[in-house]
Amino acid sequence: MRISINTREEVFAAVLLIPCLLFVAVFAFYPVLYSVWLSMHRIILSLPALGRKFIGLGNYVELFKDEIALHSLANTFLFVIISTLFEVLFGLVIALVIHRHFRGRGLVRAAVLVPWAIPTVVSSQMWRFIFNDKYGLVNFLFYGSDVTHYRAWLADPFFAFSAIVIADVWKTSSFAALLILAGLQAIPNELYEAARIDGANAWHQFRRITLPLLRPVLLIALIFRTMDAFRVFDLVFVMTQGGPADSTNVLQFYGYKKMFAEGLMGYGSTISVLVFVITFVVALLYIRVIGSGLMQGKV
Amino acid sequence: MKRLFFYTITIIIVFFSLLPFLWFVGTSLKTEVEVTAIPPVVIPAGSLDFYRSGIEKYNLLHFLTNSLIVSGISTLITLFISVFAGYAIARLRLRFKGVIMGALLTVSMFPQISIAGPVWRLLQSLGWLNSYQGLIFPYVTLTLPLGVWIVASFFRELPEELEDAAKVDGCTHFQILYKIILPLAAPGIFTASILVFIYAWNEFFFALLIMTRQAYQTLPVGIALFQGQYTLPWGEIAAASTVATVPLVLLVFFFQKRIVSGLSAGAVKG
């Protein structure tokens, strides 16, 4: 009797899960595996007569000889490292501020969330306008009304890359802040009270209590931001189209161009697989780090 | 002194969070002459010209309608499926629970490009490129991890005694879910809907691939592809951007608490 009730419960649970698993299988897992398969073929959409030719790892060999691909890979890593570091740093500062009790805290929290909520395409156009060569705010702030000195920031490799980093940091620091805020809320108040009785000042409390206990959450924020930064696309598409001279070309944008602008389905899929593998490795690395971090931080 | 320091930082944070966007909203309310003025005009004339020409010349309302349809239906479907899946994961006896949760978490980490080619080919063979369902299906898939995660974490917080009592009264699992759990978890479901809606509303990559015809494009695609005849129509871009963002800003100011709790439930507690 008891077993049959349990079995019925399991069957019911499985039925409830079917729609969810079906979507995920058809539109996520099958495509990832199929990408791997496509990446071993030569498929050129504009030349359907060629059909699909199996070439094994040929595309991968080509990928590591493709200078633009390697350049985009380097750009992607540079972008990920710089932007996530700033995001977690600013996220920590924002979290410390919105964790305190003060009048109007709700409004401040909402204001901080605005950049997070804005569509990335909108914030990209907004920053593109701010960096505009003729009437952008940045030019005015640096050179006033002296138009002769105005620069085309997004046409300069270094400044274009910096502009994309700035736009990303502006938009996503608040997400890091929310994760860190959740970590701050989990730290028991008694620890601070005890420290105060022992005569520890604010800096000591931060160094000895807040920071060590926050380490797991900081790492989680770092993972989430890293993985999200690896798929940067909208900013590049709107602000620079990968230029000038591929200085802002990143993997997801390069893969998109190969696949959908040039119709190289096979070669483009190689880039898809590369991005997937990198993200996967980062995820595994961080899970290991967090596993040990949690042990140390939470005793 | 310490207080002063704290308030200064707070003001700087709020200033940097809001100012760039307010500048863009201001631009949308300027006239053609004001947009290109040097030094820039700080207080716009409050002209609605750019909104008018955005609607008349650039099909702004059309993009808005498409965005509302795609994001609205995606949110409904995702939440409907998430409630079932979330209940099974949070409350029912289930084999491979860890594997299922892991699979969902993995999907939330997928870079879009890693599934783009096959999804595009699949939709093409179904004849679903340039159709609402062609975008809704991928959106449901990509937002399911978020939806299931948040809904399940809210379900877990409900006291189990309620269900035990209902079982004693002879309710089936479906009745328990429908009559007891659902009404109590309504706030959690609402929180998840806000986050799913924002995701779908803002998504650009798949919308760009799948909607190549203007008739079906959503606001982000429209805004990204705005082209003028000679120069970029900045005023109209700013107007369209404001239209795309105002609903989200309202959501944030009204439901700040829910969003904060939902995001941390989705990310940290799991």
Side-chain angles (χ1 to χ4, degrees), chain A residues 6 9-10 12-13 16-17 19-20 23-24 27-28 31-32 34-35 38 94 97 106 108-115 117-122 125-126 129-130 135 137 140 145 147 178-179 182 217 220 224 227 230-231 233-234 237-238 252 255-256 259-260 265 268-269 272 275-276 279 283, chain B residues 9-10 13-14 17-18 20-21 23-24 35-36 38-40 81 84-85 87-88 92-95 100 103 107 109-119 137-138 140-141 144 148 173 198 201-202 204-205 209 220 223-224 234 237 241 244-245 248-249 252-253 256 259-260 263-264 267-268:
Chain A
N6 287 346
E9 185 172 324
E10 279 197 26
F12 181 60
L16 288 185
L17 276 168
C20 174
F23 265 97
V24 168
F27 285 96
V32 161
Y34 195 51
S35 279
L38 285 177
I94 297 172
V97 165
V108 171
R109 282 187 179 183
V112 166
L113 276 177
V114 166
I118 287 178
T120 317
V121 167
V122 168
Q125 288 285 27
M126 181 189 91
F129 184 59
I130 291 175
Y135 20 82
L137 206 50
F140 182 72
S145 300
V147 245
L178 288 188
L179 299 187
V217 173
I220 291 175
F224 271 76
M227 281 193 278
F230 264 114
R231 35 188 178 197
F233 176 83
D234 309 12
F237 184 94
V238 173
Q252 178 141 323
Y256 159 81
M259 257 192 260
F260 296 100
M265 264 296 159
S269 298
S272 308
V275 178
F276 182 75
T279 317
Chain B
I9 293 194
T10 311
I13 289 174
V14 171
S17 300
L18 296 182
F21 184 64
W23 181 254
F24 216 34
V35 169
T36 54
I38 296 167
I81 298 175
F84 291 139
Y87 180 63
L92 297 179
R93 188 184 304 276
L94 181 67
R95 257 172 261 186
I100 293 170
V107 169
M109 294 170 184
F110 278 9
Q112 295 99 319
I113 187 82
S114 68
I115 57 172
V119 166
F137 274 64
V140 169
T141 310
L144 268 174
V148 172
H173 281 295
I198 292 180
W201 184 265
N202 291 357
F204 174 62
F205 184 79
L209 299 188
I223 292 170
W234 280 114
I237 293 176
S241 297
T245 310
L248 303 182
V249 171
V252 162
F253 274 89
Q256 169 264 120
I259 292 174
V260 172
L263 281 178
S264 41
V268 178

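Being a predicted model, the structure only gives us computed values, none of them experimental. Just so it is clear, the values below take in all heavy atoms, side chains as well, and ignore hydrogens, waters and symmetry mates. Sequence lines set the chain letters: A, B, ... in the order given, protein chains first and strands last, and positions in each chain run from 1.
- Put simply, the side chain of A:V275 does not reach to within 4.5 Å of the side chain of B:S114, judged on heavy atoms.
- Proximity to chain A involves both the backbone and the side chain of B:I223, based on heavy atoms less than 4.5 angstrom apart.
- In terms of heavy-atom pairs under 4.5 angstrom with chain B, the leader among A:D234, A:V238, A:T279 is A:D234.
- Under a 3.5 Å cut-off, the side chain of B:T141 and the backbone N or O of A:A28 do not form any donor-acceptor pair.
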- For the pair B:L144 and A:C20, evaluate side-chain contact (heavy atoms from CB on, under 4.5 Å) and give the outcome as yes or no after the intermediate values. CA-CA 7 Å; B:L144 268 174; A:C20 174; 4.2 Å; yes
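- Note: A:Q252 CD to B:F205 CZ = 4.5 Å, rounded to the nearest 0.5 Å.
- Taking chain A as the reference chain and counting heavy-atom pairs below 4.5 Å, the highest number among B:A85, B:A116, B:A224, B:P111 is found for B:P111.
- Between A:V122 and B:F21 the shortest side-chain heavy-atom distance falls below 4.5 Å.
- Between the B:N202 side chain and the A:T120 main chain, no donor and acceptor come within less than 3.5 Å of each other.
- With sequence neighbours excluded, no residue forms a ring pair (Phe, Tyr, Trp, His ring centres under 6.0 Å) with A:F140.
- Side-chain contact between B:I13 and A:V112 is present, with heavy atoms from C-beta onward closer than 4.5 Å.
- Note on ring orientation: taking the six-membered ring where Trp is involved, the planes of B:H173 and A:F12 are parallel (angle under 30°, cut-offs 30° and 60°).
- Your options are B:V35, B:L209, B:I100, B:V148, and the one with the most heavy-atom pairs under 4.5 Å with chain A is B:L209.
- For A:L38, the part lying under 4.5 angstrom from a heavy atom of chain B is the side chain only.
- Between A:E9 and B:R93, the shortest heavy-atom distance links the atoms OE2-N, 2.7 Å.
- How far CZ of A:F224 is from CE of B:M109: 6.0 Å, rounded to the nearest 0.5 Å.
- For B:V249, the part lying under 4.5 angstrom from a heavy atom of chain A is the side chain only.
- Listed options B:V14, B:I259, B:T36 were ranked by heavy-atom pairs under 4.5 angstrom with chain A; first place goes to B:T36.
- The residue among B:W201, B:Y87, B:W23 with the most heavy atom pairs within less than 4.5 Å of chain A is B:W23.
- Heavy atoms of A:I130 lying under 4.5 Å from chain B belong exclusively to its side chain.
- Taken to the nearest 0.5 Å, the CG atom of B:L94 stands 5.5 Å off from the CG atom of A:L17.
- In this structure, A:S35 contributes its side chain and B:I115 its backbone to no donor-acceptor pair below 3.5 Å.
- In terms of non-hydrogen atom pairs under 4.5 Å with chain A, the most contact-rich of B:F253, B:F110, B:F137 is B:F110.
- Taking CG of A:L113 as the reference point, atom CD of B:Q256 lies at 6.5 Å (rounded to 0.5 Å).
- No other option in A:F129, A:F237, A:F233, A:F230 has as many heavy-atom pairs under 4.5 Å with chain B as A:F129.
- When heavy atoms are compared at a cutoff of 4.5 Å, A:M265 approaches chain B solely by way of its side chain, counted from C-beta outward.
- Each of B:V119, B:I198, B:I9, B:T245 has some count of heavy-atom pairs under 4.5 Å with chain A, and the biggest count is that of B:T245.
- Residues B:Q112 and A:Y256 form no side-chain contact, since every pair of their non-hydrogen atoms from C-beta on lies 4.5 Å or further apart.
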